[in-house]
Number of protein chains: 2
Amino acid sequence: MSGHGIRFRVNANLCLKDPQMTEYGQKLLSSSIHLFDELGFEKFTFKKLAISIESREASIYRYFENKHKLLLWLTNWYWEWVNYLIDLNIRNIDDPERKLKIVLHNIVNASTESPLTEYINENILHKVIIKESTKAYHIHNIDDENRLGYFSSYKELVQKVATVISSVSPKYPYSRMLASSLFEMANNQIYFAEHLPQLTDISCKKDQYIELEKALNFMTMKLLKE
Amino acid sequence: MSGHGIRFRVNANLCLKDPQMTEYGQKLLSSSIHLFDELGFEKFTFKKLAISIESREASIYRYFENKHKLLLWLTNWYWEWVNYLIDLNIRNIDDPERKLKIVLHNIVNASTESPLTEYINENILHKVIIKESTKAYHIHNIDDENRLGYFSSYKELVQKVATVISSVSPKYPYSRMLASSLFEMANNQIYFAEHLPQLTDISCKKDQYIELEKALNFMTMKLLKE
DNA sequence: TAAGCGAAGATAGTAATACTATCCCTAATT
DNA sequence: AATTAGGGATAGTATTACTATCTTCGCTTA
């Protein structure tokens, strides 16, 4: 069963053994996404994960050193996946502005694409990313982990979007800041819409992010207009 | 010694006893800010805090139920403080655009104002807010805590800024989204500048956020121009 | 001056967490 | 037929996140 669908290159130091390569690892990934969603990062433990896949704590530790690295692994997988989707969808598009609109669509709606793998539920992973991904990089030893390349997927993705932004408006002086802010805003505003609605103007119905996409489009285009 | 300087109204349910009112409580606050900064939220424990103020774990628990509520308390204090500074500085200003520029200045540079209390080091608290505050509201029981009013300081602050935005440009359709994004961006971009510089265009020298303020001004004014 | 009280000190103890270690079993290579 | 990698099973440890209880000290107030 293993090797089904697409596999992404996630920094090898984030795991002790590539979970995408074994059935056990795929079950681990699949269950961990559901469990992060149900429990949140703080209440999530390897013990509970082991129980949910009818295995043992010690076996989980053979794949991941700790839950932080597991979350980081999933986060990287997510960014690789968004990167892949963007590449796929802007291929053969020449108009920069059209390209940027597609990028925005993919940032917001990645999870509504048709699923690529059996063992990763992109929809639930997206929810986990929205709620928990910030904890993957707001950590005390950020500089060490950055040096080890644990954030390279995100950095590449932001760089790609910044390049598209620059192709629309070569003189815009804050392309990378805008790019990273678009990703952060997308996640944040969805979270606010659901939990702290006074902090946003948009609302999200049934995981439909139409208003958010419209708002980000409006904002981006206004910023980049000469 | 207690009762010195300004005291802010922080949601009373976040603590068991107001730490601002006793010398012990003030020492607790002061030390916790330093310790959050040194250790990060994850490695911070009440045991270590007790040692650092030469007290006992059990005594800390008489003020705060857990470290999450302590962080939330500090976060609320911070937002109350920024709110106070904004009020103070836009008083007597009539021109909306001028008002907004002052607001942006305060969002970015709050911590460089002259200190208000002996027991809270605003500069270090600002660093803690940048690194840890997102963990105060990315929690599993967010809806319960929101219902208890644990985020009201932030919501009021965002509402205040949204009102200023609307006074500059009454037709702008995303004033609250812009307001909350300004706060989130300010923290994020400072964090990126220091730790993940590829994700931003700005740099921060010696806790001077001139470039960031300029960028936020540029962005905001461009968005609100007719 | 004594009684009473609250705040914090001191000491214990517990359940859960985050691991590490070791030994065993089995199924697939070689 | 022998080896070995993957995972199962069990055990154990240090730390964390609390809770409980009993004592002491200093301040009111009667």
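FYI, side chains are in, hydrogens and waters are out, and symmetry mates aren't considered; it's all heavy atoms of this structure.
Applying the 4.0 Å criterion to OP1 and OP2 of D:dT16, one finds that B:Lys48 has a side-chain N or O inside that range. Phosphate proximity of D:dG6 to A:Ser59: absent, as no side-chain N or O sits under 4.0 Å from OP1 or OP2. Residue A:Arg56 has no polar side-chain atom (N or O) positioned under 4.0 Å from OP1 or OP2 of D:dG8. Applying the 4.0 Å criterion to OP1 and OP2 of D:dG6, one finds that A:Lys17 has a side-chain N or O inside that range.
Within a 6.0 Å sphere centred on NZ of A:Lys155, other residues, nucleotides and ligands contribute more than 12 heavy atoms.
Within 4.0 Å of A:Tyr63, counting heavy atoms only, lie sugar-phosphate atoms of the nucleic acid but no base atom.
In this structure, the side chain to side chain contact (heavy atoms under 4.5 Å, CB included) partners of A:Asn89, at least two apart in sequence or on a different chain, are A:Leu85, A:Ile102, A:Asn106, A:Glu113. Remark: B:Ser133 pairs with B:Thr75, B:Ile129, B:Asn187 by the side chain to side chain contact (heavy atoms under 4.5 Å, CB included) rule, at least two apart or across chains. Remark: B:His105 pairs with B:Asn109, B:Glu213 by the side chain to side chain contact (heavy atoms under 4.5 Å, CB included) rule, at least two apart or across chains.
Pairs passing the ring-ring contact (aromatic ring centres under 6.0 Å, His included) check and including a residue from residues 131-151 of chain B, sequence neighbours excluded, read A:Tyr191-B:His138.
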Can you give each donor-acceptor pair under 3.5 Å made by side-chain atoms of residues 9-17 of chain A, sequence neighbours left out, with the distance rounded to 0.1 Å?
from, atom 1, to, atom 2, distance (Å)
A:Asn11, OD1, A:Asn13, N, 2.8
A:Asn11, ND2, A:Leu148, O, 3.0
A:Asn11, ND2, A:Gly149, O, 3.1

Atom pairs, N/O to N/O, protein against nucleotides 19-25 of chain C, distance under 3.5 Å?
from, atom 1, to, atom 2, distance (Å)
C:dC19, O5', A:Tyr61, OH, 3.2
C:dC19, N4, A:Glu57, OE1, 3.3

